A.B. asks: 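The structure that follows is given in the form of structure tokens.
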Amino acid sequence: MRHLKAFFSSVPKYLLWAVLSTLFWLWIFTILNDAPAEKKVTLYADVPVLADPGLSVCLEQDLPEGIRMVRAHSFSYVMFGDAALTGADIFIVKGSDAERYRESFAPLPEAFAKRYPDALSVNGSPSGIRVFDAETGTGAACSYITYAEPGTAAEDYYLFFGAESLHCGRQDTAAYRIAELFLQLP
Amino acid sequence: MDAITELYPAGTAARLEKQNRIWRAITAGVAFASLAACIVLCVLTGTANAAAMELRVCLISLLGGWTVIFLYTHFVTGGKRQLAHLSTLSEEPRKAVTGTVTLDARRIAIRGSITVQTLLVNDGTQTRRVSISASRTKALPALPARLTVYTVHGYAVAWEAKDAAS
């Protein structure tokens with residue numbers, strides 16, 4: 001009884017520690033698992049299922065110089081705000097949604113436009129590279145992304161570069177290199 | 001004449017201090033080991049294992065912290081309180097009360113200090129109450145017994161057996 005009373009008198013301390021230590025380490029891991037936008041390439045995919053962190057790990061295999069990490073998320077990851085979404089470097093969206101997000105997309109660089117002559121045009125210039133063909137059911141990174149859930153009508157998906165991306169320029173081409181890697185994934 | 005039995009024999013303070021140092025070292029060791037393990041796991045964290053590492057670090061931190069709280073509350077603080085109590089009992093003069101001594105089984109935890117029990121000393125005309133550290137009751141003879149109990153500030157520090165005739 002005496003030990004039980006002593007234990008219960010200490011319960012607030014144990015609970016306080018549980019809360020504080022958990023919050024502290026969550027904060028530390030948020031810092032560890034993130035990097036400034038200039039050192040990170042972010043890919044957002046509007047798909048039913050995305051294997052996270054599997055896809056990120058795969059895209060980090062050959063990081064461009066100056067890039068510390070690649071983060072691949074589905075759109076549901078940013079349900080409470082779209083600041084992260086608008087600043088993303090690469091988008092994977094349905095062809096039917098391309099017009100809806102057109103302000104977020106940048107035109108394809110010349111090298112990509114030449115290599116993908118059938119690119120989807122948005123804002124009057126080629127912008128989207130097809131990454132999933134609904135007719136054949138084949139596409140890039142199918143091991144990591146479920147483009148069409150069983151029982152639903154499949155749609156073509158396209159890869160776009162972000163208009164506000166820091167890595168889609170002449171100096172910094174990291175997003176292009178990550179996109180090339182993405183397009184080669186099985 | 002019967003010999004006086006000290007409840008706090010010579011060397012008690014030194015023994016308590018040594019115990020306290022050991023418990024402090026163990027507590028600090030657990031704290032540093034937990035922190036070191038968390039830091040190592042943080043260093044080993046990558047994109048692939050981030051979620052698993054986060055869970056491990058949270059668990060190590062939680063259990064390590066709880067162990068430190070337990071050790072500090074029960075052993076380090078307890079030892080410090082015993083030492084502080086002991087320092088007040090080294091003063092003179094001692095008072096003596098003689099009578100038939102019984103021990104009240106109730107334990108009273110004094111906030112910020114030690115846990116005490118009460119000795120009831122009946123000299124035939126009145127019953128006096130003498131406090132005794134709960135950790136020292138094992139040093140008493142089988143009770144009830146006729147004893148002279150020596151006290152400092154109302155706490156028992158020694159006892160001496162008395163035969164019924166004296």
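It should be emphasised that the depicted structure is a prediction, and the values quoted were computed from it without experimental measurement.
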A.B. asks: Check this for me: A/Arg115, atom CZ, are more than 12 non-hydrogen atoms of other residues, nucleotides or ligands nearer than 6.0 Å?
C.D. replies: yes
A.B. asks: How far does CZ of A/Phe29 sit from SG of B/Cys58, to the nearest 0.5 angstrom?
C.D. replies: 7.0 Å
A.B. asks: Side-chain heavy atoms nearer than 4.5 Å, only ILVMFWY residues, links allowed to pass through others: does that put A/Tyr116 and A/Val93 together?
C.D. replies: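 Looking at the clustering, A/Val93 is in a separate group from A/Tyr116.
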A.B. asks: Can you tell me if CD on A/Glu65 sees more than 12 non-hydrogen neighbours from other groups inside 6.0 Å?
C.D. replies: no
A.B. asks: Inspect the surroundings of CD in A/Glu99 and state if more than 12 heavy atoms from other residues, nucleotides or ligands are less than 6.0 Å away.
C.D. replies: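 More than 12 heavy atoms, drawn from other residues, nucleotides or ligands, come within 6.0 Å of this atom.
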A.B. asks: For a quick test of reading the model, state the closest non-hydrogen atom pair linking B/Ser61 to A/Trp17 and the distance between them.
C.D. replies: O-NE1, 2.9 Å
A.B. asks: Verify the neighbour count for atom CZ of B/Arg15: are there more than 12 heavy atoms of other residues, nucleotides or ligands below 6.0 Å?
C.D. replies: yes
A.B. asks: Got a second to check how far B/Thr47's OG1 is from A/Leu59's CG, nearest 0.5 Å?
C.D. replies: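 So the gap between those two atoms works out to 10.5 Å.
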A.B. asks: Roughly how far, to the nearest 0.5 Å, is the CD1 atom of A/Ile28 from the OG1 atom of B/Thr45?
C.D. replies: 11.0 Å
A.B. asks: Which atoms form the tightest heavy-atom contact between B/Glu54 and A/Leu26, and what is the distance?
C.D. replies: OE2-CD2, 2.7 Å
A.B. asks: Around atom NZ of A/Lys40, are there more than 12 heavy atoms from other residues, nucleotides or ligands closer than 6.0 Å?
C.D. replies: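 More than 12 heavy atoms, drawn from other residues, nucleotides or ligands, come within 6.0 Å of this atom.
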A.B. asks: Report which part of B/Thr73 has an atom under 4.5 Å of a heavy atom belonging to chain A: side chain, backbone, both, or neither.
C.D. replies: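 For B/Thr73, the side chain is the part near chain A, not the backbone.
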A.B. asks: Please report the interatomic distance CH2(B/Trp66) to OG(A/Ser21), rounded to the nearest 0.5 Å.
C.D. replies: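 Going from CH2 on B/Trp66 over to OG on A/Ser21, the span is 8.5 Å.
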